[in-house]
Amino acid sequence: MAMFLHVIGHNERFRAVKERFHHSTQTIHQGFHEVLRVMMCFAREIIVPTSSTPTRNTSERHRRLMHIFPGAIGALDGTFIHAVVPVDQQTRYRGRGKGECYQNVIGICNFDMIFTFVWAGWEGIAHDSKVLKEVAFNPTSGFPFPPPDKYYLCDAAYTNTRGFMAPYLNTRYWLADFRRNRALTKEERFNHAHAQLRNIIERACGVWKCKEIVIACVAIHNFIRKYDIQDDLFTNFEQNTMVTPNVGGGGSDGQNIEGIEWGSEAR
């Protein structure tokens, strides 16, 4: 298990692990894949839909934001991750540009920063909405559709429809856009609050190599979070000191979000 965590945590090659743990490359290879098989079973137990009721892990800032989106039970997003695949399968996973291979990963995270669903391994580069449609209506995926009165927060790549709340189009959205100028219009205030709450999944995602390793990493992430194990990354997230791509790690959090009135035109 230590060798497995060392490989996925530091992106180490087996040769480097061999020097550290003083085992043969064959032993490391066998041990890694044995743990990976067990992790797939563990993932089925720990990556599951959870209650929408906030727990003690939910930060005060997110509890305030959730008053604006009382029906939100999580954030949904997709990402591209580099994939290492056999040569005879690389054409299906080939992306744009330099011919590198990618897989699409889609995940749902609740507001305790726990993944409630993950689907990895979609070949190549595809639009987020296409991946969501295929995964959601795949009977083997186990996609957790929200109840009729609930919804997931998602970015503008997805359709704003029942069960999925996207931001206003053609309006400032990313937190970096609000670092110097506070939200002015109703639509901008909505998008700013939406981005702050949905940002939870941006910070939960990482970079991994293949489908099984993605799922194993998510399972370990959930284990750390569910059992309240102290971790610097989670601490930085809760203190809002973490900088992530696309969001700029900021936004005018001093804005009085509790006093926002959305009126009859609220989304």
Side-chain angles (χ1 to χ4, degrees), residues 1-14 17 28-50 57 73-86 89-90 92-93 95 100-126 128 130-146 152 154 200-227 229 231 233-234 237 244-245:
M1 187 66 183
M3 292 187 291
F4 177 84
L5 293 174
H6 191 72
V7 170
I8 66 172
H10 299 281
N11 193 25
E12 290 281 14
R13 295 184 179 274
F14 286 168
V17 179
I28 295 169
H29 182 274
Q30 291 175 345
F32 180 88
H33 287 279
E34 181 180 349
V35 173
L36 187 58
R37 285 192 296 271
V38 175
M39 289 300 298
M40 293 304 96
C41 299
F42 178 59
R44 287 194 289 270
E45 298 180 3
I46 202 165
I47 307 174
V48 293
T50 57
N57 285 332
I73 58 173
L76 178 148
D77 202 4
T79 187
F80 300 132
I81 293 178
H82 286 281
V84 178
V85 297
Q89 299 181 32
Q90 288 184 0
R92 294 187 293 128
Y93 288 86
E100 296 178 322
C101 294
Y102 295 89
Q103 61 171 315
N104 287 270
V105 177
I106 189 169
I108 299 172
C109 207
N110 68 17
F111 300 116
D112 288 328
M113 206 176 174
I114 294 173
F115 283 94
T116 59
F117 176 81
V118 63
W119 184 268
W122 184 281
E123 303 96 334
I125 293 179
D128 286 345
K130 178 181 179 181
V131 177
L132 173 60
K133 181 179 178 180
E134 295 294 334
V135 171
F137 293 100
N138 183 336
T140 67
S141 72
F143 185 85
F145 282 96
Y152 298 126
C154 52
I200 190 169
I201 196 167
E202 298 281 353
R203 297 183 175 185
C205 290
V207 178
W208 305 293
K209 292 294 183 182
C210 70
K211 176 180 178 179
E212 289 79 12
I213 294 178
V214 171
I215 296 172
C217 288
V218 171
I220 294 170
H221 169 107
N222 278 9
F223 177 79
I224 294 171
R225 192 62 177 167
K226 285 186 176 182
Y227 291 94
I229 299 172
D231 183 271
L233 289 176
F234 287 128
F237 168 77
T244 54

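Considering only heavy atoms from C-beta on, I8 comes within 4.5 Å of I220 through its side chain. I106 has its side chain within reach of L132: a pair of non-hydrogen atoms, C-beta onward, lies under 4.5 Å apart. V105 has its side chain out of reach of W119: every pair of non-hydrogen atoms, C-beta onward, lies at least 4.5 Å apart.
Here the straight-line distance linking atom CD1 of I108 with atom CG of L76 works out to 5.0 Å at 0.5 Å rounding. Atom-to-atom distance recorded for T79:OG1 and N104:CG is 8.5 Å, nearest 0.5 angstrom. From N222, atom CG reaches atom SG of C217 across 11.5 Å, with rounding to the nearest 0.5 Å.
In this structure, V135 and F117 approach most closely via the heavy-atom pair CG1-CZ, 3.7 Å. Residues D112 and R225 approach most closely at O-NE, 2.7 Å, considering heavy atoms.
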Stepwise side-chain contact (heavy atoms from CB on, under 4.5 Å) test for I73 and T116: CA-CA 10 Å; I73 58 173; T116 59; over 6 Å; no
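Taking the six-membered ring where tryptophan is involved, the planes of Y152 and F143 are perpendicular, since the angle between them exceeds 60° and thus also 30°.
Evaluation of the side chain to side chain donor-acceptor pair (under 3.5 Å) test over residues 132-146, restricted to residues two or more places apart or in two chains, returns N138-T140.
H221 places a side-chain N or O within donor-acceptor distance of the main-chain N or O of M113, the cut-off being under 3.5 Å.
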Hey, can you pull the donor-acceptor pairs under 3.5 Å for the side chains in residues 33-48, sequence neighbours left out?
from: H33; atom 1: NE2; to: H29; atom 2: NE2; distance (Å): 3.4

